[in-house]
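These notes concern the structure reproduced below.
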Amino acid sequence: MAEERIKLTLKGSPREVWLSFLDNFMSEQLRLTYFKIGVEHGRSLREQIHSQISIYDAMFQSTSKLGWPDVREIAKEFKPALEKLVPHIYAEIEGISEGAGLDVLDVIALNCRSEIALGKFSDGCTSLSWKKSNTARILAQNWDWTGDVSKNLALVTIEQTGKPTIYMVTEAGIVGKIGFNSAGVGTCLNAIRAKPMISSKLPIHIALRLCLESSSVENAVKTLETLGGVSSAQHILISDSKSALGLELSPVGNKYLVEDSFGLIGHTNHFLENRYVDETQWLSGSPIRLKRVKQLAQELISNGVNGDGIKAALLRERIFSDTYNDPQSICCREDGARPMPTRTLFNIVMNLDPDNLGAEVVFGRPGTEEEGPVLKLPWA
């Protein structure tokens, strides 16, 4: 009877109508799947999500003179693009809001916080990709941000039918960030301060999620390009077992960085090749950190470190604990002279090797008394 009713009420042949009905049914099933993923996220991290909103409310007021109602109003600008370009992720955002007891605009605002801030947040990070062999890469970074956020970081695993399983470190309420997947694709993030921002494109945390849903670097780049690119200027360092690229992204044009002669790609908080945007040097230590991370990696190579000798503990000790040019060092400490002091909140080292895929995560500043225990992904 269902098929008969459809034939009577919709135009087209019975076959066309039936296929359309099945497509709509599958889309609703998919939407519900991602909605449920979001609900679980929202329920499990409810307290932390509410805390994140309070933190960002204060930060927006301080840096942009925006109250949270103003932030929610700006978040409305991103809603049509999310619904159109990534409906499955939008359904997950709806689920997070349901599970956390919030309005969907609150969660959209969290996921678009980099864009809404218009470059006025001061997060800085140091990332590195290192070729172990033709079929393996190391991908690592220190993530630097305000210490208030540290209590709301979470290790998240997302299982999706027909897509790789995602293992990432993220802020509560945010659907994509830093990590890797079961296909061996990993992502790191470096914030860039540059204009313009275009809300009809993909926010950077949504772009990171799409990368983590991809089966390869090539597939990830194709997905981002097909969907029209990103809303704001940012850098994603992406790698799989066979290749790595530095994606210097902007809403008006991209540049892609390849491995150097040492098999390295390093990046901090300024563009190296992308000249499509109006960029202001806002962290004087960024060029120094970039030079330093490459120098330290090259020293290890000169000392014979290669292949399986490139271990997470060694990288934490010899590179990511480095305090040269303190406080704006690779291992970042709060700088009281800056209006928004930041510090290294975690280090992650991903081994993108099909025979030994996994990551080590350390919360706190590596090499200091703040360094926490080594956590491993996937969970043992």
Side-chain angles (χ1 to χ4, degrees), residues 112-115 117-130 137-145 168-170 174 176-180 185-198 201-212 214 217 220-221 223-225 229-240 243-260 264-294 297 320 328 330 332 342 344 347-348 350:
C112 302
R113 56 93 164 165
S114 298
E115 287 73 21
L118 294 174
K120 293 184 179 179
F121 287 174
S122 302
D123 41 335
C125 312
T126 304
S127 58
L128 177 68
S129 172
W130 189 341
R137 299 291 187 282
I138 290 288
L139 187 61
Q141 90 164 87
N142 275 359
W143 189 67
D144 308 337
W145 196 206
M168 67 177 175
V169 188
T170 191
I174 292 182
K177 207 167 185 73
I178 297 161
F180 69 104
V185 177
T187 57
C188 294
L189 173 65
N190 299 102
I192 305 293
R193 179 174 289 188
K195 295 181 179 180
M197 188 280 289
I198 300 176
K201 295 176 179 282
L202 295 166
I204 192 61
H205 287 95
I206 306 302
L208 283 163
R209 171 59 176 270
L210 292 173
C211 289
L212 289 171
S214 302
V217 168
V221 172
T223 296
L224 296 184
E225 290 179 344
V230 298
S231 295
S232 62
Q234 309 284 344
H235 173 259
I236 295 176
L237 184 53
I238 184 170
S239 182
D240 58 29
S243 64
L245 279 179
L247 310 182
E248 292 195 334
L249 305 173
S250 87
V252 291
N254 307 322
K255 284 287 187 178
Y256 301 146
L257 312 178
V258 299
E259 294 169 335
D260 65 16
L264 304 171
I265 302 175
H267 214 283
T268 51
N269 302 103
H270 64 285
F271 277 155
L272 307 183
E273 295 186 10
N274 192 322
R275 299 293 179 262
Y276 293 111
V277 295
D278 180 17
E279 182 183 4
T280 301
Q281 183 175 326
W282 51 283
L283 286 175
S284 60
S286 183
I288 299 171
R289 278 186 287 121
L290 177 63
K291 182 178 179 180
R292 184 68 173 167
V293 73
K294 290 185 175 182
F320 291 103
Q328 287 195 50
I330 293 173
C332 176
T342 63
T344 296
N347 170 264
I348 182 170
M350 297 168 262

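In what follows, residues are counted from 1 in the order of the sequence shown.
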>> Between Ile288 and Gln328, is the side-chain contact (heavy atoms from CB on, under 4.5 Å) condition met? List the steps.
In response: CA-CA 9 Å; Ile288 299 171; Gln328 287 195 50; over 6 Å; no
> Any luck finding a side-chain donor-acceptor pair between Thr342 and Asp144 under 3.5 Å?
Replying inline: no
>> For Ser239 and Arg137, which I'm curious about, is there any donor-acceptor pair between the side chains at under 3.5 Å?
In response: no
Could you report the tightest heavy-atom contact between [X] and [Y], atom names first, then the distance?
| X | Y | answer |
| --- | --- | --- |
| Arg113 | Lys177 | NH2-NZ, 3.7 Å |
| Trp130 | Ala297 | CH2-O, 3.9 Å |
| Val293 | Leu290 | CG1-O, 3.2 Å |
| Ile192 | His235 | CG1-N, 3.9 Å |
| Leu128 | Gly266 | CD1-CA, 4.3 Å |
| Gly176 | His205 | O-CD2, 3.2 Å |

>> Under the criterion side-chain contact (heavy atoms from CB on, under 4.5 Å), I'd like the reasoning laid out for Ile236 against Ile204: C-alpha separation, chi angles, the key distance, then a yes or no.
In response: CA-CA 9 Å; Ile236 295 176; Ile204 192 61; 3.7 Å; yes
Gap separating the [atom1] atom of [X] from the [atom2] atom of [Y], nearest 0.5 angstrom:
| X | Y | atom1 | atom2 | value |
| --- | --- | --- | --- | --- |
| Cys125 | Leu283 | SG | CG | 9.5 Å |
| Ile206 | Cys112 | CD1 | SG | 6.0 Å |
| Trp143 | Ile348 | CH2 | CD1 | 12.5 Å |
| Leu202 | Ser232 | CG | OG | 10.5 Å |
| Phe271 | Gln234 | CZ | CD | 7.5 Å |
| Ser129 | Glu259 | OG | CD | 5.5 Å |

> Are any of the side-chain heavy atoms of Arg289 and Ile330 separated by less than 4.5 Å?
Replying inline: yes
Validation: residues 243-254 side-chain donor-acceptor distances under 3.5 Å, sequence neighbours left out:
residue: Ser243; atom: OG; partner: Asp240; partner atom: OD1; Å: 3.2
residue: Glu248; atom: OE1; partner: Leu272; partner atom: N; Å: 3.4
residue: Glu248; atom: OE1; partner: Glu273; partner atom: N; Å: 2.9
residue: Glu248; atom: OE1; partner: Asn274; partner atom: N; Å: 2.9
residue: Glu248; atom: OE2; partner: His267; partner atom: NE2; Å: 2.7
residue: Glu248; atom: OE2; partner: Leu272; partner atom: N; Å: 2.6
residue: Ser250; atom: OG; partner: Val252; partner atom: N; Å: 3.2
residue: Ser250; atom: OG; partner: Gly253; partner atom: N; Å: 3.1
residue: Ser250; atom: OG; partner: Gly253; partner atom: O; Å: 2.6
residue: Asn254; atom: OD1; partner: Ser250; partner atom: N; Å: 3.1

> Can you check side-chain contact (heavy atoms from CB on, under 4.5 Å) on Gln141 and Leu237, steps first, answer last?
Replying inline: CA-CA 10 Å; Gln141 90 164 87; Leu237 184 53; over 6 Å; no
N/O donor-acceptor pair under 3.5 Å between [X] side chain and [Y] backbone:
| X | Y | result |
| --- | --- | --- |
| Thr126 | Thr268 | no |
| Asn269 | Ser286 | no |
| Thr344 | Cys332 | yes |

> Checking side-chain contact (heavy atoms from CB on, under 4.5 Å) for the pair Leu139/Cys188: CA distance, chi angles, key distance, verdict?
Replying inline: CA-CA 8 Å; Leu139 187 61; Cys188 294; 3.6 Å; yes
